[in-house]
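Let me begin by presenting the structure, written as structure tokens, before commenting on it.
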Amino acid sequence: MKKRLSVFLLSIFLLGCTPSPEKPADMLPEEKMTSVMIDIHLAEARVNNQVHHPDTARKVFKLLRKGILKKHGVSDSAFKHSYDFYLTNPAAMDKLYEKVIDSLSAREAKLTPQGKPLKVEPVTAI
């Protein structure tokens, strides 16, 4: 039992001492990343609700994602570097997703009449 506790405490100590990764040079500002993530989650939900074949869903989502990044003026590599940075920083990711969830919840509340389910529009990207 003491050995397990020692190993557990040592692993926590080592994890706590690892340096936090540096921000990438092309990192997106938090507000822009939040806007992109909101649009990506909305697109993902639309695809999941309307496209039933996995291969087709992947293709449709890739097209939608490309359009979202273009709309926001963000390169694919800048988005990937920013997303990877957030993945390695749980506190920053929590803060980002708190804003994303708040925004999506507000949109849902605005669009959903009391007691009625939300109507999903068809995908028109193809």
Side-chain angles (χ1 to χ4, degrees):
M1 179 69 177
K2 287 183 180 182
K3 186 176 181 179
R4 287 184 183 176
L5 182 60
S6 298
V7 170
F8 176 72
L9 291 175
L10 179 63
S11 63
I12 287 179
F13 175 74
L14 291 174
L15 288 174
C17 293
T18 56
S20 59
E22 294 181 26
K23 289 184 179 182
D26 58 352
M27 181 153 168
L28 301 176
E30 188 175 325
E31 278 70 33
K32 184 171 281 249
M33 186 69 176
T34 301
S35 296
V36 172
M37 292 301 295
I38 289 167
D39 286 349
I40 284 177
H41 283 293
L42 289 171
E44 185 178 37
R46 288 174 63 198
V47 170
N48 284 338
N49 283 325
Q50 296 173 356
V51 182
H52 301 290
H53 300 288
D55 291 340
T56 305
R58 256 189 300 285
K59 287 180 182 180
V60 170
F61 181 72
K62 282 183 181 183
L63 287 172
L64 291 173
R65 182 175 175 261
K66 185 177 179 180
I68 289 166
L69 294 178
K70 185 177 180 179
K71 169 187 159 187
H72 289 279
V74 173
S75 70
D76 190 52
S77 64
F79 176 75
K80 182 173 178 2
H81 294 148
S82 299
Y83 192 76
D84 289 345
F85 173 79
Y86 280 106
L87 283 177
T88 59
N89 289 288
M93 183 66 99
D94 283 345
K95 185 178 174 185
L96 177 80
Y97 264 98
E98 194 174 295
K99 292 179 182 180
V100 170
I101 290 169
D102 286 348
S103 178
L104 291 173
S105 296
R107 287 179 187 210
E108 181 182 26
K110 184 178 175 182
L111 295 173
T112 306
Q114 294 295 333
K116 294 184 181 178
L118 182 64
K119 182 181 176 185
V120 179
E121 297 178 22
V123 175
T124 59
I126 299 179

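Basis for what follows: all heavy atoms, side chains included, without hydrogens, waters or symmetry-related copies.
- Atom OH in Y83 sits 4.5 Å away from atom CE in M93 (nearest 0.5 Å).
- The shortest heavy-atom contact between Y97 and H41 is OH-NE2, 2.8 Å.
- L87 and I101 fall into different hydrophobic clusters, where Ile, Leu, Val, Met, Phe, Trp and Tyr side chains are chained together by heavy-atom contacts under 4.5 Å.
- In this structure the side chain of M37 reaches within 4.5 angstrom of the side chain of F79, judged on heavy atoms.
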Distance-only donor-acceptor pairs under 3.5 Å for side chains of residues 60-68, two or more places apart:
| unit_1 | atom_1 | unit_2 | atom_2 | d |
| --- | --- | --- | --- | --- |
| R65 | NH1 | D76 | OD1 | 3.0 |
| R65 | NH2 | D76 | OD1 | 3.3 |

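- The CZ atom of F85 sits 4.5 Å away from atom CE of M27, with the distance rounded to the nearest 0.5 Å.
- With hydrogens and angles disregarded, a donor-acceptor distance shorter than 3.5 Å links the side chain of S82 to the backbone of L28.
- Of all non-hydrogen atoms in L96 and E30, the two that sit nearest each other are CD1-O, 3.9 Å.
- For D55 and R58, the salt-bridge test passes: some basic side-chain N is under 4.0 Å from an acidic carboxylate O.
- Shown here for K32 and H72, the closest heavy-atom pair between the two residues is NZ-O, 2.8 Å.
- Contact annotation: the side chain of D26 approaches that of S77 to within less than 4.5 Å [non-hydrogen atoms, C-beta and beyond].
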Please walk me through it: do L42 and L104 pass side chain to side chain contact (heavy atoms under 4.5 Å, CB included)?
CA-CA 8 Å; L42 289 171; L104 291 173; 3.7 Å; yes

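- One N or O on the side chain of S35 and one on the backbone of E31 form a donor-acceptor pair closer than 3.5 Å.
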